[in-house]
Amino acid sequence: MTNGLAIAQPLLARQNQSPLANGLYLLGESPQPQQVGHSYIVFEVKDHKVYGAFYMPNSSFDCFRGTVGDRQLQVTVLPTYEEEPYSAEIDLPSFYSLRRISASDRAILAACKAEPLPIANQTES
């Protein structure tokens with residue numbers, strides 16, 4: 001067990017990074033997990049589709065689904081406290097990549113995977 005510090009690095013450090021590979025990801029505004037007052041994104045990528053959640057520690061979370069671009073996620077968000085879903089683009093290079101996904105992160109992902117939400121299919125602006 002570590003002392004609670006996670007190793008963080010820019011998610012897309014290389015300029016010509018291809019879209020994210022299939023797998024689980026945890027991104028944060030802070031290079032350390034579970035920092036109160038900082039936002040985090042936990043998500044899973046499978047075949048260029050993505051589902052996950054935005055959250056702040058000790059707070060609620062908002063689920064999303066969408067697609068993976070070269071340097072961004074294009075998603076539809078189902079906000080916890082609002083009725084209407086909305087579209088959003090997540091700029092991946094603006095977050096730190098955290099390597100340790102907690103049991104809490106996995107529980108949030110499971111809840112969002114079960115949430116009925118349309119897949120965002122609009123990639124044109």
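Computed from a predicted structure; not experimentally measured.
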Rounded at 0.5 Å granularity, tell me how far [atom1] in [X] sits from [atom2] in [Y].
| X | Y | atom1 | atom2 | result |
| --- | --- | --- | --- | --- |
| Asp62 | Cys112 | CG | SG | 8.5 Å |
| Arg65 | Tyr51 | CZ | OH | 8.0 Å |
| Glu83 | Leu78 | CD | CG | 10.0 Å |

Where is the tightest heavy-atom contact between [X] and [Y], given as atom of each residue plus distance?
| X | Y | answer |
| --- | --- | --- |
| Ile90 | Ile41 | CG2-CD1, 3.6 Å |
| Ser30 | Leu98 | O-CD2, 4.0 Å |
| Leu20 | Leu92 | CD1-CD1, 3.9 Å |
| Tyr40 | Pro33 | OH-C, 3.6 Å |
| Pro79 | Tyr86 | CG-CE2, 3.7 Å |

Step-by-step side-chain contact (heavy atoms from CB on, under 4.5 Å) determination, Arg106 to Ile101: CA-CA 7 Å; Arg106 290 177 190 276; Ile101 298 175; 4.0 Å; yes
Apply side-chain contact (heavy atoms from CB on, under 4.5 Å) to Glu29 and list each qualifying residue two or more places apart in sequence or on a separate chain.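 Glu29 satisfies side-chain contact (heavy atoms from CB on, under 4.5 Å) with His38, Ser39, Phe95 only.
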Angle class for the Phe43/Tyr25 ring planes (parallel below 30°, perpendicular above 60°, tilted otherwise)?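 Ring orientation of Phe43 relative to Tyr25: parallel.
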Which pairs of donor and acceptor atoms, one on a side chain in residues 52-61, lie under 3.5 Å apart (sequence neighbours left out)?
residue	atom	partner	partner atom	Å
Tyr55	OH	Gln34	NE2	3.4
Tyr55	OH	Asp105	OD1	2.5

Please answer whether the main-chain N or O of Gln72 pairs with a side-chain N or O of Asp91 as donor and acceptor at a distance below 3.5 Å.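 No; zero donor-acceptor contacts below 3.5 Å.
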Looking at side-chain heavy atoms only, is the closest gap between [X] and [Y] below 4.5 Å?
| X | Y | value |
| --- | --- | --- |
| Val42 | Leu24 | no |
| Thr67 | Gln74 | yes |
| Val50 | Phe64 | yes |

Who pairs with Ser94 by side-chain hydrogen bond (donor to acceptor under 3.5 Å, both in side chains), at least two apart in sequence or on another chain?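 Listed in chain order: nothing, the list is empty.
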